[in-house]
Amino acid sequence: MNGIAQRAGDLPLRRTRTLGRFRLHALEAGLQRLDGGAMFGVVPKPLWERRIPPDERNRIPLALRCLLVETADALVLIDTGVGNKESAKFSDIYGVDNAGSAGLPTRLEEALRDGGFAPDDVAVMIDTHFHFDHAGGNTFVDEEGQIHLSFPRATYHVQRREWEFAHLRNERIQASYFPHNFDPVAEAGRFEFVEGERELMPGVLLLPTPGHTPGHQSILLESEGQVACYLADLVPTTAHLPLPWIMGYDVEPLVTLEAKRSLLARAEAECWLLIFEHDPRVPWGYLARGEERPRLVEEP
């Protein structure tokens with residue numbers, strides 16, 4: 001399987017590197033399995049299965065990789081994985097493998113604590129968007145069935161357009177948006193809604209990259225002239241680097257195409273570190289310079 005993780009335990013809990021004065025922790029919050037055809041849209045199976053082979057149910061393994069950023073101003077967490085609120089049937093359908101050990105509710109919290117942090121340490125929480133595999137860990141359910149905020153001291157940030165879109169509740173999107181992942185945050189007064197591009201603090205920029213959802217955003221990080229971009233579902237895996245390789249889940253794929261074209265051109269020209277949320281093997285790397293087809297040069 002070319003080193004592709006098949007179980008959450010195949011991935012380290014945490015991988016760490018520096019970006020200028022920032023310290024980046026790729027937190028492996030588990031794995032899920034989604035239909036390969038849906039993940040690659042119009043790309044024929046004989047092409048995509050060479051990159052990420054499917055299982056007997058045509059599902060491919062996908063990491064649930066969140067990013068913890070140590071800055072001089074605050075501890076920042078980007079995305080939260082699936083969380084622990086869904087049923088056993090749901091976990092079977094979507095192949096979710098994200099349980100924590102030692103009594104911890106999720107593997108995300110286990111990875112966070114592996115780095116020496118606790119949920120109360122997170123001051124800034126950023127949702128790239130509200131799909132269940134990105135925002136599910138915003139909240140957790142306790143043994144009595146009560147839902148609580150996973151990061152009670154944090155201010156949660158999301159694009160206002162994403163909040164509004166998630167509450168449309170139409171048939172096309174309702175299977176991806178679960179109100180218990182985000183409504184309790186709003187009820188607790190912990191959301192700060194953003195409209196468009198915004199620098200939250202020095203070196204942490206919210207960058208709208210619509211298409212997957214209208215309110216989808218990627219996160220730019222910059223310190224001492226070094227730049228990284230947490231791509232989220234704009235480019236979910238390294239296999240999605242070619243411009244037309246776009247998910248069937250995207251509600252506006254042609255918008256995705258243009259957002260992707262613009263961002264990858266900047267990433268190559270300005271030598272950005274690209275961070276992949278769902279790649280089952282590779283957390284980050286740089287684009288090779290001057291090549292017609294995007295190719296990643298992996299970083300340890």
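Residues take their numbers from the sequence shown, with the count starting at 1.
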Should K89 and D92 count as an ion pair when the cut-off is N to O under 4.0 Å?
no

Can we say E258 and R261 salt-bridge, meaning some charged N sits less than 4.0 Å from an Asp/Glu carboxylate O?
yes

Validation row, ring centre H278 to ring centre H240 under 6.0 Å
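Between H240 and H278, which both carry aromatic rings, the centre distance is not below 6.0 Å.
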
Flag the pair F165 / H216 as yes when their ring centroid distance falls below 6.0 Å, and as no otherwise.
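Not close enough - the centres of the two rings lie 6.0 Å or further apart.
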
So, the side chain of [X] versus the backbone of [Y]: is there a donor-acceptor pair under 3.5 Å, distance only?
{"X": "D279", "Y": "T238", "result": "yes"}
{"X": "R59", "Y": "I93", "result": "yes"}
{"X": "E28", "Y": "A26", "result": "no"}

Pairing residues for E144 by the side chain to side chain contact (heavy atoms under 4.5 Å, CB included) criterion, not counting sequence neighbours:
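Once residues adjacent in sequence are excluded, the partners of E144 under the side chain to side chain contact (heavy atoms under 4.5 Å, CB included) criterion are D142, Q146.
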
Can you list the steps and then say if E222 with L205 is a side-chain contact (heavy atoms from CB on, under 4.5 Å)?
CA-CA 8 Å; E222 182 173 5; L205 180 74; over 6 Å; no

Check the pair Y177, F130 against ring pair (Phe, Tyr, Trp, His ring centres under 6.0 Å), reporting the backbone distance first and the verdict last.
CA-CA 6 Å; Y177 287 109; F130 280 154; 7.0 Å; no

Between Y249 and H131, is a ring pair (Phe, Tyr, Trp, His ring centres under 6.0 Å) present by the stated rule, with each step listed?
CA-CA 11 Å; Y249 296 114; H131 284 173; 7.8 Å; no

Can you spot which of D183, N181, D79, D127 makes a side-chain hydrogen bond (donor to acceptor under 3.5 Å, both in side chains) with N138?
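The residue from D183, N181, D79, D127 that satisfies side-chain hydrogen bond (donor to acceptor under 3.5 Å, both in side chains) with N138 turns out to be D127.
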
